[in-house]
Colleague: 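Next up is a structure, given as structure tokens.
Computed from a prediction, not measured in an experiment: that's the story for all the values here. Order of the sequence lines sets the chain letters (A, B, ...), proteins ahead of strands, with each chain counted from 1.
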2 protein chains.
Amino acid sequence: MATATRSNNRLDVLLDSSAELFSAGGYQGTTMRDIATKCGMLPGSIYYHYPNKEALLVGVYEEGVRQLSERVQREIAKATDPWERLELMLAAHVEMIVEPTAYASVIIRVLPDDVPPVRDDLVRQRDKYEVYLRDLVGALPLPEDLDPSLLRLFLIGAVNHIPVWHQPGGESPKQIARQLMRVLRRSFSCQAEEN
Amino acid sequence: MATATRSNNRLDVLLDSSAELFSAGGYQGTTMRDIATKCGMLPGSIYYHYPNKEALLVGVYEEGVRQLSERVQREIAKATDPWERLELMLAAHVEMIVEPTAYASVIIRVLPDDVPPVRDDLVRQRDKYEVYLRDLVGALPLPEDLDPSLLRLFLIGAVNHIPVWHQPGGESPKQIARQLMRVLRRSFSCQAEEN
DNA sequence: TAGATAAACAAACGTATGTTTTTCTATTAG
DNA sequence: CTAATAGAAAAACATACGTTTGTTTATCTA
């Protein structure tokens with residue numbers, strides 16, 4: 001028989017609060033007491049849901065990857081042109097990580113090496129999502145002297161750095177993605193004209 | 001009269017050790033005891049040199065900016081072409097931040113918002129260095145639909161993300177800078193041909 | 001409606017943290 | 001040679017941390 005779950009279960013509130021705090025303050029900068037306060041529990045109560053702080057982080061990470069993947073899959077289905085598909089992905093990605101309450105921000109803010117005991121779990125989760133970017137960049141008809149995997153890493157760096165400087169009133173995620181793609185696109189179309 | 005300083009002063013050892021640990025473990029992930037152990041002092045002895053942990057971080061930050069600025073100034077003097085100058089800066093920057101013992105890594109790893117009490121000091125320091133990049137990107141003859149300040153932020157993100165994925169055996173900083181510039185350069189030369 | 005159990009409370013435990021205070025010692029200026 | 005003191009040792013302090021333990025409350029199911 002499957003384990004029963006109560007209707008007024010507050011696991012979701014716990015996860016939401018954790019995500020928000022981990023995203024804003026990082027892993028070490030967030031205490032179990034912070035989380036408990038935020039979701040209206042006592043510190044000890046968290047341990048009914050997760051055996052320890054690290055496991056809680058992994059839980060948030062998993063949900064973050066789930067949300068990101070789902071959204072990206074939905075977006076890139078809207079186009080067939082590889083350039084357009086990449087732009088759609090980047091726009092969606094940026095949109096999710098500048099949203100401060102989002103689980104996605106945690107994946108950007110907390111690096112696997114920040115929490116050695118669960119490093120491998122976090123890397124596995126992160127990689128599960130980055131496959132999308134790998135495929136989209138791989139599908140681009142790039143000039144031969146441009147290493148696709150390096151380009152992918154440049155892109156990850158550029159977009160994941162956005163939360164550091166972006167402020168609510170600034171450019172929209174769509175505008176940002178378009179600017180980013182302009183650099184690449186032009187680079188390509190030039191090459192095409194030469195051949 | 002200037003304050004006397006003893007010949008066997010170990011302030012430099014303290015700073016070096018702090019830089020290495022902050023770079024590897026971040027601010028919150030590094031304890032005063034870690035630092036003391038690394039430089040062969042007792043925890044309390046650190047407080048003779050700095051009033052608290054935050055001030056110590058600022059000290060490391062300052063030295064990091066000093067080293068980066070000095071090195072970059074020396075490098076970009078080697079060329080006059082704006083593209084070449086930017087490439088020289090990026091190569092030097094990458095070289096310094098992938099070196100794990102470097103002060104520069106701390107500036108990448110520890111974000112101002114990680115340490116609210118000295119946030120403004122850290123931002124001021126960081127900006128002092130980023131002026132170089134601002135000027136170099138500003139000197140590029142870019143097409144009009146390409147926002148230079150956005151481009152600058154993309155570049156910062158891309159290069160500062162490198163320590164996350166780069167491993168000792170991988171591409172050299174020079175190769176990385178060249179790849180990164182290839183994307184931009186081609187973008188430009190294409191535009192030039194069109195006009 | 002009785003028994004089981006999901007979900008949280010209440011309160012403490014042991015430890016690690018940044019920091020302070022006091023004491024010692026080796027260098028250096030006079 | 002000696003007094004002053006830069007610089008570090010030694011040891012503790014107060015607090016904040018992740019976690020554990022024992023207990024209670026509310027919900028579901030047979």
Colleague: Any side-chain N or O of Ser45(B) less than 4.0 Å from the OP1 or OP2 oxygen of dA9(D)?
Modeller: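 For dA9(D), OP1 or OP2 has a side-chain N or O of Ser45(B) closer than 4.0 Å.
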
Colleague: For a quick test of reading the model, state the closest non-hydrogen atom pair linking Ala104(B) to Ile97(B) and the distance between them.
Modeller: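 Smallest interatomic distance, heavy atoms only, reads CB-CG2, 4.0 Å.
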
Colleague: Hey, which of these two, Pro43(A) or Gly44(B), hits DNA chain D nearer its 5' end, going by closest nucleotide?
Modeller: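 Between the two, 5'-proximity favours Gly44(B).
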
Colleague: Round to a whole Å and report the spacing from CG of Asp34(A) to P of dT19(D).
Modeller: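 Going from CG in Asp34(A) over to P in dT19(D) covers 14 Å.
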
Colleague: Mind listing the closest non-hydrogen atom pair of Glu99(A) and Ser105(A) along with its distance?
Modeller: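 Heavy atoms only, the tightest pair is O-OG, 3.2 Å.
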
Colleague: Between Asn9(B) and dG7(D), does any side-chain N or O lie under 4.0 Å from OP1 or OP2?
Modeller: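 The answer is yes; a side-chain N or O of Asn9(B) sits under 4.0 Å from OP1 or OP2.
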
Colleague: Looking at DNA chain D, which of residues 47-54 of chain B put a heavy atom within less than 4.0 Å of it?
Modeller: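 Correct list: Tyr48(B), His49(B).
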
Colleague: Would you call Glu75(B) and Arg71(B) a salt bridge, using N to O less than 4.0 angstrom?
Modeller: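 Yes, Glu75(B) and Arg71(B) are salt-bridged.
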
Colleague: Rounded to whole angstroms, how far apart are CD1 on Ile46(A) and P on dC9(C)?
Modeller: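 The distance from CD1 of Ile46(A) to P of dC9(C) comes to 10 Å, rounded to the nearest Å.
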
Colleague: If you only use heavy atoms from C-beta on, which nucleotide in dC17(D), dA8(C), dT19(C) is closest to the side chain of Met41(A)?
Modeller: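 Among dC17(D), dA8(C), dT19(C), the one nearest the side chain of Met41(A) is dA8(C).
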
Colleague: Minimum heavy-atom separation for Arg126(B) and Val65(B), please, with both atom names.
Modeller: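 Arg126(B) and Val65(B) have their closest heavy atoms at N-CG2, 4.4 Å.
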
Colleague: Does Arg10(B) contact dG7(D) through a side-chain donor or acceptor facing the base, at a distance under 3.5 Å?
Modeller: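 No.
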
Colleague: Quick one: NZ on Lys174(B) to CG on Leu90(B), what's the gap to the nearest 0.5 Å?
Modeller: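 Nearest 0.5 Å value for the NZ-CG distance: 12.5 Å.
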
Colleague: Tell me: CG of Leu11(A) to C1' of dA6(C), nearest whole Å?
Modeller: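 For the pair Leu11(A) CG and dA6(C) C1', the rounded distance is 12 Å.
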
Colleague: Distance check needed: dA8(D) P versus Met32(B) CE, whole Å only.
Modeller: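 It is 14 Å, rounded to the nearest whole Å.
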
Colleague: Decide, yes or no, whether a salt bridge links Arg109(B) with Asp114(A) under the criterion of side-chain N to carboxylate O below 4.0 Å.
Modeller: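 Result for this pair is yes, salt bridge flagged.
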
Colleague: In whole Å, I'd like the distance from the CD atom of Gln28(A) to the C1' atom of dA16(C).
Modeller: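 Value for this atom pair: 12 Å.
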
Colleague: Whole angstroms only, please: what is the CG-P distance between Leu42(A) and dA12(C)?
Modeller: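 Going from Leu42(A) (CG) to dA12(C) (P), I get 13 Å.
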
Colleague: Rounded to the nearest angstrom, tell me the gap between atom CG in Leu14(A) and atom C1' in dA7(C).
Modeller: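 It works out to 12 Å between those atoms.
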
Colleague: Quick one: closest heavy-atom pair of Ala158(A) and Phe154(B), and the distance?
Modeller: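 Minimum heavy-atom separation between Ala158(A) and Phe154(B): CB-O, 3.7 Å.
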
Colleague: Could you tell me the separation between the CD1 atom of Ile35(A) and the P atom of dT19(D), rounded to a whole number of Å?
Modeller: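 For the pair Ile35(A) CD1 and dT19(D) P, the rounded distance is 11 Å.
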
